[in-house]
Amino acid sequence: MPELPDLEVFARNLQRRLKRKKLLDIRLLTDAVTKTSQKELANAVVGASVSAVYREGKELRFRFSNKNIIGIHLMLRGKFFWFEDKNTHSHTLLELKFSAGINLALTDYQHRAVITLNPKESTVPDALSKAVNEKFIASILQSRAAVKNILLDQHIIRGIGNAYADEILWDAAMSPFSAANQIPPAGAKALARSIRKVLQNAIKQVDKAEKGIIGGEIRDFLQIHNASKKNSPSGAAIVKKMTAGRPTYYTAEQQLYK
DNA sequence: AGAAATGTTGCGCT
DNA sequence: AAGCGCAACATTTC
């Protein structure tokens with residue numbers, strides 16, 4: 001599943017091909033997760049052209065010239081594919097046909113990807129927004145929850161997933177299991193810095209790895225959350241711990257605040 | 001071949 | 001009683 005950096009690059013690549021293209025047809029397959037009907041969707045966007053494709057948290061948004069927006073959350077297994085005349089991709093949930101013969105399919109074999117017409121604005125800051133500064137981070141560390149769980153909670157800060165939470169916490173030299181309210185001010189500062197640094201760098205890496213990418217995920221360059229690596233860049237052994245069915249990778253270089 | 005992985009929701013346990 | 005783990009979703013990928 002793609003995380004924030006992948007999604008950010010997908011949005012840029014989708015926008016590059018779709019901007020100013022007119023939507024000719026939209027087809028919503030019956031097993032798609034949505035509160036919107038095929039008819040409502042078509043009424044809202046067919047005939048309009050794409051004004052922007054962008055990312056908000058882990059959701060991609062297609063904004064049209066008439067201000068209507070289609071939000072797509074890929075969840076675990078959602079994927080985009082370009083197709084020509086005929087869409088041959090299995091588990092298709094949504095088909096979008098644009099001018100100039102450009103067509104886009106959304107697939108998800110788990111049928112969990114969520115399609116939303118005009119998603120409502122959120123007050124929760126995106127991980128890469130300016131609002132995520134030292135002060136904001138300090139303010140969300142006011143509980144005894146493990147710091148990793150706070151980073152992952154989309155109601156607190158949007159966009160960080162399991163893999164990048166591990167990368168960020170290693171970069172900030174802080175154990176994922178630290179009690180948030182035991183982290184000193186310097187830790188909050190380090191965390192704010194690492195969030196930006198790790199995610200921005202990953203966006204560059206993903207973009208470089210595959211030009212025009214709109215699906216899948218690129219994770220070979222991850223330094224800690226990476227099953228093929230035994231040691232951190234500075235040589236410490238990487239430990240893998242399963243919790244809630246998901247792996248956390250970390251090293252003894254990371255300070256545990258308890 | 002069998003395990004691992006990925007996000008979210010909602011539930012039950014402590 | 002806040003915070004955690006777990007199950008479910010279901011197929012692909014290693």
Side-chain angles (χ1 to χ4, degrees), chain A residues 1-11 29-35 55-61 71-81 88-94 105-116 119-120 122 124 126-127 139-169 175-183 198-199 202 206 209-210 213-222 224-230 238-250 256-258:
Chain A
M1 159 71 195
E3 288 199 31
L4 182 152
D6 306 283
L7 294 166
E8 182 68 29
V9 176
F10 298 172
L29 284 293
T30 50
D31 38 8
V33 177
T34 181
K35 288 183 174 142
R55 179 195 61 78
E56 280 242 346
K58 297 180 191 175
E59 189 177 67
L60 289 176
R61 297 196 173 171
I72 296 180
H73 193 308
L74 298 178
M75 298 296 280
L76 288 168
R77 297 296 182 180
K79 276 185 178 170
F80 288 111
F81 294 96
T88 54
H89 299 284
S90 49
H91 311 290
T92 293
L93 302 180
L94 186 71
L106 166 69
T107 74
D108 183 357
Y109 66 75
Q110 275 187 322
H111 298 181
R112 302 280 283 196
V114 180
I115 300 159
T116 313
K120 63 169 184 280
S122 171
V124 178
D126 184 86
S139 77
I140 66 174
L141 295 180
Q142 306 293 325
S143 84
R144 53 193 168 82
V147 63
K148 182 175 179 182
N149 291 343
I150 290 178
L151 294 183
L152 291 176
D153 190 335
Q154 304 299 302
H155 303 103
I156 297 175
I157 175 172
R158 288 185 297 157
I160 300 172
N162 193 45
Y164 285 98
D166 288 351
E167 295 294 302
I168 289 163
L169 288 163
S175 166
F177 309 108
S178 292
N181 58 12
Q182 299 303 309
I183 295 168
V198 167
L199 296 176
V206 171
E210 191 181 327
I213 187 172
I214 58 162
E217 64 196 353
I218 309 262
R219 289 164 68 157
D220 334 336
F221 64 88
L222 297 190
I224 305 299
H225 191 99
N226 190 329
S228 67
K229 301 219 162 109
K230 289 199 161 55
I238 296 172
V239 181
K240 178 183 180 181
K241 181 175 158 58
M242 296 300 293
T243 110
R246 308 229 129 73
T248 290
Y249 294 87
Y250 63 104
L256 176 64
Y257 300 99
K258 267 284 178 214

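Labels below follow one simple rule: chain letters A, B, ... track the order of the sequence lines, proteins then strands, and each chain is numbered from 1.
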Between B/dT9 and C/dT11 - P atom distance, rounded Å = 22 Å
With P as the reference atom in both, quote the distance from C/dC9 to B/dA1 in angstrom, rounded to an integer.
-> 25 Å
How long is the span from the OH atom in A/Tyr249 to the CD1 atom in A/Ile224, to the nearest 0.5 Å?
-> 11.0 Å
Can you check salt bridge (Lys or Arg N to Asp or Glu O under 4.0 Å) on A/Glu56 and A/Arg158, steps first, answer last?
-> CA-CA 8 Å; A/Glu56 280 242 346; A/Arg158 288 185 297 157; 3.1 Å; yes
For A/Ala180, which residues count as a side chain to side chain contact (heavy atoms under 4.5 Å, CB included) partner, sequence neighbours excluded?
-> A/Leu141, A/Ile150
In whole angstrom, give the distance that lies between atom NZ of A/Lys58 and atom C1' of B/dT8.
-> 9 Å
For the student: nearest non-hydrogen atoms of A/Phe80 and A/Leu60, plus distance = CE1-CD1, 3.4 Å
Sugar-phosphate, base or nothing in reach of A/Ala146, heavy atoms under 4.0 Å = sugar-phosphate
Using a cut-off of less than 4.0 Å, is there contact between a side-chain N or O of A/Ser143 and OP1 or OP2 of C/dG3?
-> yes
In whole Å, what is the span from the CD atom of A/Gln154 to the P atom of B/dT8?
-> 4 Å
Enter the distance from A/Asp166:CG to A/Ile160:CD1 here, rounded to the nearest 0.5 Å.
-> 11.5 Å
With rounding to whole Å, what would you report as the distance between C/dC6 and B/dA5 at their P atoms?
-> 15 Å
At under 4.0 Å, does any side-chain N or O of A/Arg219 touch on OP1 or OP2 of B/dT6?
-> yes
Rounding to a whole Å, what distance do you find between A/Met242:CE and B/dA4:P?
-> 7 Å
Enumerate all atom pairs, one protein N or O and one N or O from nucleotides 10-13 of chain C, separated by less than 3.5 Å.
from, atom 1, to, atom 2, distance (Å)
C/dA10, N1, A/Gln110, NE2, 3.4
C/dA10, N3, A/Gln110, NE2, 3.1
C/dT11, O2, A/Tyr109, OH, 2.4

Taking side chain to side chain contact (heavy atoms under 4.5 Å, CB included) as the test, write out the residues that go with A/Tyr109, two or more places apart.
-> A/Arg77, A/His91
By nearest nucleotide on DNA chain B, pick out whichever of A/Met75 and A/Lys240 is the more 5' one.
-> A/Lys240
Could you state the atom-to-atom distance from CZ of A/Arg246 to P of B/dT9 in whole Å?
-> 13 Å
Measure the distance from CG on A/Asp6 to C1' on B/dG7 and round it to the nearest whole Å.
-> 14 Å
Should A/Tyr249 be listed as having a side-chain N or O under 4.0 Å from OP1 or OP2 of B/dA5?
-> yes
To the side chain of A/His73, which of B/dT6, B/dA5, B/dT8 is closest?
-> B/dT8
Nearest to side-chain heavy atoms of A/Arg112, which nucleotide of C/dC9, C/dG5, B/dT9 | C/dC9
Could you walk me through whether A/Asp6 and A/Arg219 pass the salt bridge (Lys or Arg N to Asp or Glu O under 4.0 Å) check?
-> CA-CA 9 Å; A/Asp6 306 283; A/Arg219 289 164 68 157; over 6 Å; no
Over all heavy atoms of both residues, which pair between A/Glu217 and A/Pro2 is shortest? Give the atoms and the distance, please.
-> OE1-N, 3.6 Å
To the nearest 0.5 Å, atom CG of A/Leu29 lies from atom NE2 of A/His111 at 8.5 Å
Please write out each protein N/O paired with an N/O of nucleotides 10-14 of chain B under 3.5 Å, distance rounded to 0.1 Å.
none

Taking CG from A/Asp108 and P from C/dA8, how many angstroms apart are they, rounded to a whole number?
-> 19 Å
Return the set of residues passing side chain to side chain contact (heavy atoms under 4.5 Å, CB included) with A/Thr107 (not counting sequence neighbours), or none when no residue passes.
-> A/Lys79, A/Phe81, A/His89, A/Thr92
For DNA chain C, consecutive-pair runs of 3 or more (Watson-Crick or G-U wobble, both H-bond-type distances under 3.5 Å) give B:2-5 with C:11-14, B:7-14 with C:2-9
Is there a side-chain polar atom (N or O) of A/His225 under 4.0 Å from OP1 or OP2 of B/dT6?
-> yes
Euclidean distance, A/Ile140 CD1 relative to A/His155 NE2, rounded to 0.5 Å = 14.0 Å
Would you say a side-chain N or O of A/Asn149 is under 4.0 Å from OP1 or OP2 of C/dC4?
-> yes
Once you round to the nearest 0.5 Å, how far does CG of A/Leu106 lie from CG of A/Leu93?
-> 5.0 Å
For A/Pro2, report the nucleic acid contact type (base, sugar-phosphate, nothing); a contact means any heavy atom under 4.0 Å.
-> nothing
For A/Lys241, look at atom NZ and say whether over 12 heavy atoms of other residues, nucleotides or ligands are found less than 6.0 Å away.
-> no
A/Lys148 NZ to C/dC4 C1': how many Å, rounded?
-> 14 Å
Distance, rounded to the nearest Å, where A/Ile156 contributes CD1 and C/dG3 contributes P | 9 Å
